[in-house]
Each structure stands twice: as structure tokens, then as C-alpha cells.
Participant: 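Starting off with a structure, shown below.
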Amino acid sequence: MDTPTPTEPQPLKKSHKLHNVCYDIRGPVLDHAKRLEEEGQRVLKLNIGNPAPFGFEAPEEILQDVMRNLPTAQGYCDSKGLYSARKAIMQECQRKEIPGVGIEDIYIGNGVSELIVMAMQALLNDGDEVLIPAPDYPLWTAAAHLSGGHGVHYLCDEQAGWAPDIDDIRAKVTSRTRAIVLINPNNPTGAVYPPDVVKAVLQVAQEHHLVVFSDEIYDKILYDGVTHTSTGALADDDQLVITMNGLSKSYRCAGFRSGWMTISGTLAKQRAKDFIQGLTMLASMRLCANVPAQHAIQTALGGYQSINDLILPGGRLLAQRDITVEKLNAIPGVSCVTPKGALYAFPRLDPKVYNIKDDQQLVLDLLLQEKILLVQGSAFNWPAPDHVRIVTLPWADQLGDALDRFANFLSRYRQ
């Protein structure tokens with residue numbers, strides 16, 4: 001019997017599957033921010049849409065329901081989720097006029113993030129392509145790559161309020177394209193797509209038999225009287241639409257990690273039985289989602305919608321959106337399309353004025369000099385180093401001060 005020749009231990013490297021996976025919202029620049037905090041310095045973190053640290057607390061009735069149900073939440077539940085929670089989600093789909101969503105068409109997950117990865121794993125074979133907006137929420141691209149596929153980015157048009165460029169979508173469909181992603185309301189731009197834009201995307205999807213993933217986590221955070229129409233409400237019955245939503249933003253329960261996806265399209269579901277079986281298998285493999293947090297869903301969806309107090313005139317989120325846009329557009333060489341929804345602004349830094357070559361270096365230099373943490377536009381798969389994303393969650397006066405410091409920083413900054 002041959003004895004292996006002893007060798008020096010080699011560095012343990014990450015899987016090749018992770019080579020094209022990135023999530024720079026919590027990336028290298030955040031590591032520098034943590035170091036500064038460990039040194040005792042205060043950092044204003046405008047890098048992640050986490051409502052709680054900025055004083056946005058979950059409604060008391062949600063917390064009470066979760067606490068009251070803790071004694072009965074100690075065991076596993078159905079792999080798709082609690083019946084009462086799924087019933088509430090089904091009724092929410094009826095309210096939003098998404099047809100044909102039954103109890104068994106609903107999967108509850110540990111946040112939408114888990115469900116995005118699950119859906120990509122169930123759908124994609126090696127080399128398959130998914131059309132994803134640029135800019136995007138980068139988890140969609142990361143999940144596609146992690147599942148063996150490729151994220152192909154279609155452009156959103158800043159001059160058209162960040163609406164998807166339908167011609168660019170058409171140009172990027174290939175024989176390997178399996179699905180298209182809509183993020184509406186959009187993170188990072190804050191765009192809210194009108195029904196005719198969504199219908200145009202659905203038309204392309206129907207022509208090429210694509211699955212449509214609709215990320216609608218910000219559907220209740222809307223400004224200026226804008227309304228949101230769910231993709232599933234506009235789709236034909238023979239189109240498979242998978243809608244993602246959850247408690248993290250509108251109900252300020254980000255730490256609960258409670259999200260859901262629904263499958264609509266009655267005729268399409270007949271053709272997609274095998275794919276749906278795959279989703280069910282993956283849901284079963286992780287046993288179930290967090291059971292205590294699922295007890296928040298029925299109360300959240302059926303109770304008083306306190307988010308309206310924050311987004312209407314006099315509301316804190318609207319005031320913060322307004323000061324952000326006002327301050328950004330007052331900076332020479334900076335322009336910002338007014339967000340109509342969500343919790344972010346995505347301003348452009350005119351290359352003729354600033355000539356930024358490396359936007360990650362830009363946000364790192366801002367962090368080191370001003371102790372303000374933003375995220376570079378390229379982290380959202382935007383192809384040019386001329387944007388940053390700003391979270392609009394701090395109080396308006398705090399945001400105003402931070403953006404004044406950002407303006408002062410830009411006035412002297414060159415690469």
C-alpha cells in the first residue's frame with residue numbers, strides 16, 4: 001500500500017464558485033469603518049438600509065404578537081411557512097390584485113435574501129443567464145453566479161427617471177436567458193416604474209418565455225402620491241411571476257429576517273411544475289424559516305399601516321428624502337434624480353468635474369476624511385465610476401450636515 005508523501009499544508013482557498021460573487025454593501029470599505037470604530041471614532045453609516053439604528057422601530061403590536069406566540073414557536077413548522085402567515089400573504093396578494101395565488105404558492109423565508117438564492121438555485125443550470133438591472137441590488141447578481149449562471153445587466157436610463165431601457169433588454173436576450181429581474185421600487189435609485197414600463201418588460205419576457213422575478217420589498221415606501229402596481233397584477237395568466245416581499249423595510253423588522261415569495265400565473269404554473277417542485281425541495285432542505293418571526297406577518301399585513309405616517313407630508317422619511325435631494329443637487333457637478341420610493345438616493349458625479357477613476361477609492365477616502373460611509377455605484381453593477389448610493393435614514397438635520405461635509409470633501413477631491 002502506497003503511503004502519501006508528506007507535503008507542506010497549502011493555503012485553504014475559497015470555492016471557485018465564489019470568484020464572481022461580490023457584495024460590496026458590506027465589503028472592504030466597511031472593514032475600514034469597523035477599524036475606525038474600534039479606535040473610538042464615530043462613523044455615520046449610510047451604506048445599508050437598516051431602519052432600527054436610526055430610530056425606526058417596529059410597531060408595538062407586531063412585537064407583542066411575536067412575544068405572545070413564543071411558547072408555541074419552539075418547533076419546526078411547515079417548510080413553506082405557518083398557515084396563518086401564508087393566509088395573510090394570500091390576502092395581501094388579493095388586495096394587490098395578483099391573481100391565482102393560493103396558500104401552496106407562497107414560501108416564507110429567512111428574509112428575501114434567502115429566497116433569492118433559493119430561487120436561483122432551483123432555476124439555473126451552469127451557463128444560464130438572468131437579465132438583471134444596472135444598477136441592481138447586488139444580491140441578485142451574486143445569487144445568479146453562485147448558482148452557476150451569469151447575471152447579464154440591462155441598463156436603466158437615468159434621463160428617463162431610471163426606467164429600464166427596453167431596447168437594451170431586447171438586445172441582451174440570448175438562447176441562454178432564463179429569467180428577468182425587476183426591482184420596483186428600485187434599490188439603489190428609488191425609481192418606481194409606472195404600469196406601462198412594467199408591461200413593456202413583461203412583453204419581452206412573454207416573447208422569450210422568461211420567468212419574471214419581481215422584487216417589491218419597498219412597495220409601501222412611496223413619495224409624492226406615487227402608486228405602486230405589482231408586476232403579477234399586470235402579467236398574463238400564462239406568465240410565471242415570482243414576487244418577493246417581506247417585513248424588513250415597510251414594517252422596520254429587518255432583524256426578524258422574515259420575507260416571502262409568491263408564484264402567480266395559473267397557466268404558467270402548470271408548465272413550471274418541475275421548477276416548483278425544486279423550490280419546494282430547497283425549502284424542505286432548510287426545514288423551515290424562523291418561526292417566531294412568522295407570527296409578525298399576519299399582524300403586519302392586516303394591521304394599521306404606520307408606514308404612511310412616515311412617507312406622507314410631515315413624515316420623517318419624506319423629509320429626509322427631500323433634504324437629501326436638495327443638498328445633493330446644490331453641489332456643483334452633482335445631480336440626483338428624485339427618488340419616488342425606497343430609502344436611497346443614487347447621485348451622479350459629473351466626470352467632467354470630478355473625473356473619478358476608482359469609485360471604491362472615492363468612498364474610502366470620504367470615510368477616512370469625513371467618517372461618512374457610502375457605497376460606490378460600481379457595487380451595484382453600474383458600469384461607470386460616477387455614482388454613489390446614499391441611505392436616507394438618518395434624521396434630516398443629520399443628513400443635511402453629512403451632505404454639507406460631502407460637498408466640502410468633493411470641492412477639494414481629485415483622483
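Atom set for the values below is all heavy atoms of this structure, side chains included, hydrogens, waters and symmetry mates excluded.
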Participant: Show the numbers, then the answer: is there a side-chain contact (heavy atoms from CB on, under 4.5 Å) between Lys269 and Ser264?
Facilitator: CA-CA 7 Å; Lys269 282 186 281 191; Ser264 58; 5.7 Å; no

Participant: Evaluate side chain to side chain donor-acceptor pair (under 3.5 Å) for Arg389 paired with Thr189, printing each intermediate quantity in order.
Facilitator: CA-CA 8 Å; Arg389 190 190 74 168; Thr189 67; over 6 Å; no

Participant: Would you say that more than 12 heavy atoms from the other residues, nucleotides or ligands in this model lie under 6.0 Å from the CG of Asp274, or not?
Facilitator: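 Counting other residues, nucleotides and ligands, CG of Asp274 stays at 12 neighbours or fewer.
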
Participant: Looking at Asp224 and Arg321, is any side-chain nitrogen of the basic one under 4.0 Å from a carboxylate oxygen of the acidic one?
Facilitator: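 The answer is yes: the pair qualifies as a salt bridge.
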
Participant: More than 12 non-hydrogen atoms from neighbouring residues, nucleotides or ligands closer than 6.0 Å to CD on Gln305, yes or no?
Facilitator: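 More than 12 heavy atoms, drawn from other residues, nucleotides or ligands, come within 6.0 Å of this atom.
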
Participant: Are Arg316 and Trp395 in a cation-pi contact, defined as NZ or CZ under 6.0 Å from the six-membered ring centre and within 45° of the axis?
Facilitator: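 Yes.
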
Participant: Give, for atom CG of Leu364 and atom CG of Asp358, the distance between the pair rounded to the nearest 0.5 Å.
Facilitator: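 Spacing of CG (Leu364) from CG (Asp358) equals 9.0 Å.
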
Participant: With rounding to the nearest 0.5 angstrom, report the NZ to OG1 distance, Lys273 to Thr280.
Facilitator: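 Here the interatomic distance stands at 12.5 Å.
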
Participant: Could you tell me whether a side-chain N or O of Thr299 sits under 3.5 Å from a main-chain N or O of Ala296, the two making a donor and an acceptor?
Facilitator: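 No; zero donor-acceptor contacts below 3.5 Å.
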
Participant: Can you confirm whether more than 12 heavy atoms, excluding those of Met67, are under 6.0 Å from its CE atom?
Facilitator: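 Result for CE/Met67: enclosed.
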
Participant: Might you confirm whether atom CD of Gln159 has over 12 heavy atoms from other residues, nucleotides or ligands at distances under 6.0 Å?
Facilitator: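 Incorrect, the count does not exceed 12.
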
Participant: Go through the structure and list residues passing side chain to side chain donor-acceptor pair (under 3.5 Å) with Arg252, not counting sequence neighbours.
Facilitator: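 Residues passing side chain to side chain donor-acceptor pair (under 3.5 Å) with Arg252: Ser306.
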
Participant: Check ring pair (Phe, Tyr, Trp, His ring centres under 6.0 Å) between Phe409 and all other residues, then give those that pass, not counting sequence neighbours.
Facilitator: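 Residues passing ring pair (Phe, Tyr, Trp, His ring centres under 6.0 Å) with Phe409: Tyr413.
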
Participant: Apply salt bridge (charged side-chain N to carboxylate O under 4.0 Å, His left out) to residues Glu104 and Arg86 and explain how you reach the verdict.
Facilitator: CA-CA 8 Å; Glu104 294 304 316; Arg86 286 188 287 153; 3.6 Å; yes

Participant: Please list all pairs passing the ring-ring contact (aromatic ring centres under 6.0 Å, His included) test where one or both residues lie in residues 27-71, with sequence neighbours left out.
Facilitator: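 Passing the test, one end in residues 27-71: no pairs.
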
Participant: Can you list the residues that meet the ring pair (Phe, Tyr, Trp, His ring centres under 6.0 Å) rule with His295, with sequence neighbours excluded?
Facilitator: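 None.
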
Participant: Measure the shortest side-chain to side-chain distance between Leu343 and Gln320 over non-hydrogen atoms and say whether it is less than 4.5 angstrom.
Facilitator: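 Side chain of Leu343 against side chain of Gln320, heavy atoms only: no contact under 4.5 Å found.
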
Participant: Any pair with a residue in residues 122-132 that passes salt bridge (charged side-chain N to carboxylate O under 4.0 Å, His left out), sequence neighbours left out, goes on the list, sorted by first then second residue, please.
Facilitator: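 Every pair satisfying salt bridge (charged side-chain N to carboxylate O under 4.0 Å, His left out) with a residue in residues 122-132: Asp128-Arg176, Asp128-Arg178.
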
Participant: Not counting sequence neighbours, which residues clear side chain to side chain donor-acceptor pair (under 3.5 Å) with Glu326? List them please.
Facilitator: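 With neighbours one apart ignored, the set is empty.
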
Participant: So, do Leu318 and Leu312 sit near enough that their side-chain heavy atoms are less than 4.5 Å apart?
Facilitator: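 Not touching, per the 4.5 Å side-chain cut-off.
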
Participant: Is the number of heavy atoms from other residues, nucleotides or ligands within 6.0 Å of CD (Gln298) greater than 12?
Facilitator: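 Incorrect, the count does not exceed 12.
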
Participant: Pick from Thr392, Ile307, Asp322: which one makes a side-chain contact (heavy atoms from CB on, under 4.5 Å) with Leu317?
Facilitator: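 The option that passes is Ile307.
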
Participant: Please, which pairs that meet ring-ring contact (aromatic ring centres under 6.0 Å, His included) have at least one residue in residues 160-213, sequence neighbours excluded?
Facilitator: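 For residues 160-213, and leaving out neighbouring residues, the ring-ring contact (aromatic ring centres under 6.0 Å, His included) pairs sorted by first residue read Trp140-Phe213, Trp162-Phe346, Trp162-Trp382, Trp162-His387.
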
Participant: Could you list the residues that satisfy ring pair (Phe, Tyr, Trp, His ring centres under 6.0 Å) with His145, not counting sequence neighbours?
Facilitator: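 Testing His145 for ring pair (Phe, Tyr, Trp, His ring centres under 6.0 Å), a comparison that skips the adjacent residues, returns His150.
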
Participant: So do Met261 and Thr243 actually touch side chain to side chain, heavy atoms under 4.5 Å?
Facilitator: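 Thr243 does not reach Met261 side chain to side chain.
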
Participant: For the residue pair Val198 and Leu202, establish whether any side-chain heavy-atom pair is separated by less than 4.5 Å.
Facilitator: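 Val198 vs Leu202: side chains touch.
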
Participant: Once ring pair (Phe, Tyr, Trp, His ring centres under 6.0 Å) is applied, do any residues pair with Tyr218, and if so which ones, sequence neighbours excluded?
Facilitator: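 Tyr218: ring pair (Phe, Tyr, Trp, His ring centres under 6.0 Å) contacts with Tyr344.
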
Participant: I need the full list of ring-ring contact (aromatic ring centres under 6.0 Å, His included) pairs touching residues 106-126, with sequence neighbours left out, sorted by first then second residue.
Facilitator: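 Passing the test, one end in residues 106-126: no pairs.
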
Participant: Verify the distance criterion only: is there a donor paired with an acceptor across the side chains of Asp105 and Thr262 at less than 3.5 Å?
Facilitator: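 Asp105 vs Thr262: no donor-acceptor pair found between side chains.
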
Participant: Report the C-alpha distance between Lys371 and Glu39 in whole Å, list the side-chain angles of each, state the deciding distance to 0.1 Å, and finish with yes or no for salt bridge (charged side-chain N to carboxylate O under 4.0 Å, His left out).
Facilitator: CA-CA 12 Å; Lys371 311 305 183 288; Glu39 295 171 356; over 6 Å; no

Participant: With no hydrogens and no angle check, is any side-chain donor or acceptor of Gln239 less than 3.5 Å from a backbone partner on Ala205?
Facilitator: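 Checked: no pair found.
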
Participant: Determine, for Lys34 against Glu37, whether the closest basic-nitrogen to carboxylate-oxygen distance falls under 4.0 angstrom.
Facilitator: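 Answer for the salt bridge query: no.
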
Participant: Under 4.0 Å between a side-chain nitrogen and a carboxylate oxygen: does that hold for Lys96 and Asp219?
Facilitator: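 So Lys96 pairs with Asp219 through a salt bridge.
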
Participant: Going by side chain to side chain donor-acceptor pair (under 3.5 Å), name the residues that satisfy it together with Asp350, two or more places apart in sequence or in a different chain.
Facilitator: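 Scan of Asp350 (side chain to side chain donor-acceptor pair (under 3.5 Å), adjacent residues dropped) gives none.
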
Participant: For Gln415, is the CD atom crowded, meaning more than 12 foreign heavy atoms sit under 6.0 Å from it?
Facilitator: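 Enclosed.
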
Participant: Less than 4.0 angstrom from a charged side-chain N to a carboxylate O is my criterion; do Lys172 and Asp168 meet it?
Facilitator: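 Asp168 and Lys172: salt-bridged.
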
Participant: Would you say the side-chain atoms of Arg405 pair up with the backbone N or O of Ala402, donor to acceptor, closer than 3.5 Å?
Facilitator: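 It does not hold such a pair.
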
Participant: Does Tyr304 have any side chain to side chain donor-acceptor pair (under 3.5 Å) partners at least two apart in sequence or in another chain, and if so, which?
Facilitator: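 Asp309.
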
